[in-house]
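Have a look at the structure below, then the notes.
Computation of the quantities below employed the complete heavy-atom set of this structure, encompassing side-chain atoms and omitting hydrogens, waters and symmetry-equivalent molecules. Counting convention: from 1, in listed order, for ligands and their atoms alike.
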Amino acid sequence: MEPGAMAMESQLEGEIDWAPCAQAEQTGGIGEIQELFKTFRSCSGKEVPAYFAKNLASEQEVMRILQAARHGLEYSTRPDSVDGQPSFETYVFDRGDVLEQRLWDCVCDLVLHRLLPWLRERFRCPGAALCTCLMRRYLANERRAHPAHFDAHAFATCVVGLNSQDFAGGLYIQPTPSSPRSYVRLGPGDAVLHRYDLRHGVEVMHGERYSLIFWFKDSLDSCRLGTTPWYSVAAAGGDGDAAYNIANLLYLDGKLAEARSWYLAAATAGQADAALNLAVMSDQGLGGAHDPGEAQRWFEAASDRGKGAASRHLAVQHLQSPNPRRRWRGLRLLVRAANLHDTQSLVLLHQLPSATTGLDLHSRDLCLRLAAEKGNLQAQLEVGSKLLERWYYLIDSPSSWSECQRLWARATRLLQRAANAGDMGSGLRLAAACRHPEAVAKGSVRRPLHESWWWLRRVLAGAVTTAPLAQQAAALHAEHYVAVQPTAAAHFLRHEEDEGCQDACRGNLRRGWLTHLVPGKQLKMIDVVIVSDDGEDSGVEALWSQQRKILRACIVDECTDDADGWRLVQSLHVDVIFSDSSALSS
Ligand SMILES: O=C(O)CCC(=O)C(=O)O
Ligand SMILES: [Fe+2]
């Protein structure tokens with residue numbers, strides 16, 4: 001059974017139940033809506049409120065929202081501000097602009113007549129205004145989690161549940177890293193309302209989740225100007241979480257020295273996340289002096305306060321010691337880090353020799369699999385690759401057909417998750433697997449070339465330096481690459497950009513250019529790689545910076561008549577790749 005499926009069956013540990021319980025009070029309610037109120041103790045000992053409303057959005061509204069979220073909406077892969085991985089979010093409304101009209105039409109009434117009055121009353125803020133509304137998705141082969149964080153830029157946040165029946169896990173509240181996670185079970189249309197001082201995150205163990213998020217500011221002006229005036233009062237009152245939020249906003253703004261001094265204020269007030277950030281900044285000399293003593297002190301404080309990454313950092317130091325007692329302490333710290341959801345510690349427990357950890361082969365394997373399930377990219381690549389190897393090994397035996405199917409599904413799901421999070425090794429592995437003759441013969445991949453190219457392009461599009469990747473891609477797909485000299489490319493691209501050139505003219509140009517480029521190629525599909533040995537070539541370089549996206553060239557050689565040709569040429573694109581060598585060739 002998949003670990004996620006187990007979680008689905010039993011109620012999650014620490015789940016907040018709708019039935020009023022000891023700590024949850026029933027409030028007066030908002031109109032006819034049933035409402036609960038609960039507080040969570042923050043690092044400074046402050047009781048931080050959260051409000052829960054049942055059926056705030058109607059069944060019909062939820063259906064329309066989900067319909068829009070699932071069909072025809074593009075989700076961005078821009079890096080998320082919390083973990084830097086592709087966000088898979090889409091902005092519906094931002095700073096007064098409606099960006100997704102269809103979805104906005106579904107939520108507009110909810111915002112005006114239910115959310116705004118609710119939050120203005122609960123947080124005694126009559127001027128509160130909606131600043132941003134976004135939709136996030138958590139699919140099986142994409143993002144599954146959102147690490148614990150504060151919504152530092154938002155005075156208040158409201159999350160509306162949409163499809164609780166389709167997943168296990170979801171939104172949790174964890175006021176400090178050492179407190180347990182309380183999962184919030186939001187049925188369709190239920191909502192949770194909290195402020196900037198509630199630490200929360202998301203982990204989806206199983207299934208697919210959609211979530212509608214609203215960020216409010218205390219006034220229209222704060223929204224327009226991007227300011228956060230509510231912090232001056234909160235931080236002056238010794239609120240460690242508020243000081244941490246200020247530090248994060250400064251850090252994101254590139255004001256490292258100021259950020260570091262706010263991290264110090266927050267960490268001194270007992271804030272655990274700030275202690276870790278301060279340790280890292282002191283260790284790396286960011287925003288101030290490199291100070292190993294200071295770094296060590298704050299790594300220890302962060303570890304004591306439940307930051308897994310800090311415990312891992314200390315564990316690695318201890319494990320290198322010749323002293324067995326220190327090594328033993330290192331091991332205990334590593335296990336503690338793993339229990340605090342630090343997936344890199346699980347990877348280390350897998351890698352360390354059994355003589356050091358006392359773990360047998362099976363347990364070490366389990367650590368790696370758990371790390372992969374919990375989103376560690378390195379573990380996903382390793383486990384995915386191992387499953388594929390087993391698949392290669394079994395594929396010829398007719399008795400293992402169903403086992404092979406299972407292996408293929410598990411392997412590709414893990415590799416897809418990693419590739420979608422930006423891991424290039426996994427993307428390349430998938431690109432190769434999709435074209436494996438056995439995968440094609442057994443029908444595991446519906447459109448082998450297309451799927452293979454899709455993953456390859458994802459890899460190349462996300463690459464910072466494409467040269468080494470281009471080499472690998474060329475090795476994998478050698479027969480489909482065509483190297484083009486930069487001058488020819490620049491010539492072609494100049495015409496491409498020519499305003500006066502109509503679509504038809506552009507199509508003819510492309511066609512003529514490619515026929516010239518790839519004479520006699522008997523291929524269904526050809527990708528054109530523009531290889532530049534010479535970083536100085538301004539024509540191509542300008543284009544590269546403009547069009548970092550990877551485009552596709554598709555030619556079907558048997559196309560003869562003009563209409564066919566035209567249709568194909570319309571879908572024609574060019575890959576632009578810089579390489580320090582001219583190793584790519586047809
Ligand atoms: O997906 C969710 O429910 C919440 C995500 C979140 O915390 C955020 O976008 O800030
Ligand atoms: Fe959030």
Side-chain angles (χ1 to χ4, degrees), residues 12 15-16 40 42 48-53 56-57 62 65-66 69-70 73 75-94 99-100 103 107 110 115 119 130-140 142-175 177 181-217 228 241-242 244-245 248-249 252 273 341 375:
L12 287 160
E15 190 168 339
I16 297 171
F40 299 83
S42 79
V48 175
Y51 296 88
F52 307 89
L56 195 69
V62 170
I65 294 168
L66 272 176
R70 285 184 167 132
L73 203 64
Y75 289 81
S76 162
T77 50
R78 266 192 324 235
D80 190 275
S81 62
V82 174
D83 62 6
Q85 292 194 359
S87 59
F88 294 102
E89 70 190 6
T90 196
Y91 277 59
V92 178
F93 177 93
D94 195 35
L99 305 173
E100 284 295 338
L103 253 171
V107 301
L110 175 67
L115 292 184
L119 104 107
L130 177 69
C131 201
T132 309
C133 166
L134 68 153
M135 174 68 76
R136 281 186 185 276
R137 75 174 183 204
Y138 302 80
L139 300 189
E142 291 179 355
R143 175 180 278 279
R144 308 301 280 155
H146 210 146
H149 64 280
F150 296 88
D151 295 338
H153 51 277
F155 171 72
T157 297
C158 179
V159 174
V160 176
L162 297 171
N163 65 327
S164 55
Q165 67 283 7
D166 298 334
F167 65 87
L171 181 70
Y172 62 83
I173 294 169
Q174 190 186 29
R181 292 176 173 184
S182 299
Y183 279 86
V184 182
R185 196 163 19 120
L186 291 175
D190 298 346
V192 56
L193 177 67
H194 62 81
R195 274 187 324 210
Y196 56 88
D197 48 5
L198 189 74
R199 196 172 175 276
H200 61 279
V202 172
E203 185 159 351
V204 177
M205 286 82 153
H206 190 73
E208 298 188 340
R209 173 174 187 260
Y210 288 83
S211 162
L212 185 60
I213 299 146
F214 299 88
W215 287 324
F216 298 90
K217 293 263 194 180
T228 51
D241 291 334
Y244 171 66
N245 283 353
N248 273 349
L249 292 170
L252 286 176
D273 309 283
H341 306 281

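- Not a single heavy atom of E89 sits closer than 4.0 Å to an atom of ligand 1.
- In the vicinity of V202, heavy-atom distances shorter than 4.0 Å reach the ligand 1 atoms 1 (O), 2 (C), 3 (O), 4 (C).
- Ligand 1 has no N or O atom lying under 3.5 Å from any N or O atom of H146, backbone or side chain.
- With a 4.5 Å cut-off on side-chain heavy atoms, T132 and H153 do not count as touching.
- Inter-residue side-chain proximity for D273 and F150 is flagged as met; some heavy-atom pair is nearer than 4.5 Å.
- Side-chain contact check for F40 versus R199: every heavy-atom pair is 4.5 Å or farther apart.
- A 4.5 Å side-chain heavy-atom check between F216 and F155 finds every atom pair outside the cut-off.
- Per residue D151, closest N, O or S atom to the Fe ion (ligand 2): atom name OD1.
- Summary: NE2 is the N/O/S atom of H149 found nearest to the Fe ion (ligand 2).
- Taking every non-hydrogen atom of H200 and a distance limit under 4.0 Å, the qualifying atoms of ligand 1 come out as 7 (O).
- Here V82 has no heavy atoms under 4.0 Å from ligand 1, in either its backbone or its side chain.
- Contact atoms of ligand 1 toward H149: 6 (C), 7 (O), 8 (C), 10 (O) (distance under 4.0 Å to a heavy atom of the residue).
- With a 4.5 Å cut-off on side-chain heavy atoms, I65 and M135 count as touching.
- Relative to the ring axis of F88, R143 does not place its NZ or CZ within 45° and under 6.0 Å from the centre.
- Using modelled atom types and a 3.5 Å distance limit, the side chains of N248 and H149 yield no donor-acceptor pair.
- Contacts between Y210 and ligand 1, counted as non-hydrogen atom pairs separated by less than 4.0 Å, are absent for every part of the residue.
- Below 4.0 Å from some heavy atom of V159 lie the following atoms of ligand 1, by number and element: 3 (O).
- For the pair V107/F214, a side-chain contact is recorded, criterion being any heavy-atom separation below 4.5 Å from C-beta on.
- For atom 2 (C) of ligand 1, the closest heavy atom belonging to the protein is S211 OG, 3.2 Å.
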For a side-chain contact (heavy atoms from CB on, under 4.5 Å) check, start with the C-alpha distance between L139 and Y210, then their side-chain angles and the critical distance, and finish with the verdict.
CA-CA 8 Å; L139 300 189; Y210 288 83; 3.8 Å; yes

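- Ranking protein heavy atoms by distance to atom 9 (O) of ligand 1, first place goes to R136 NE, 2.7 Å.
- Those atoms of ligand 1 with a heavy atom of I213 less than 4.0 angstrom away are 1 (O), 2 (C), 4 (C), 5 (C), 9 (O).
- Given atom 1 (O) of ligand 1, the protein heavy atom at minimum distance is Y138 OH, 2.5 Å.
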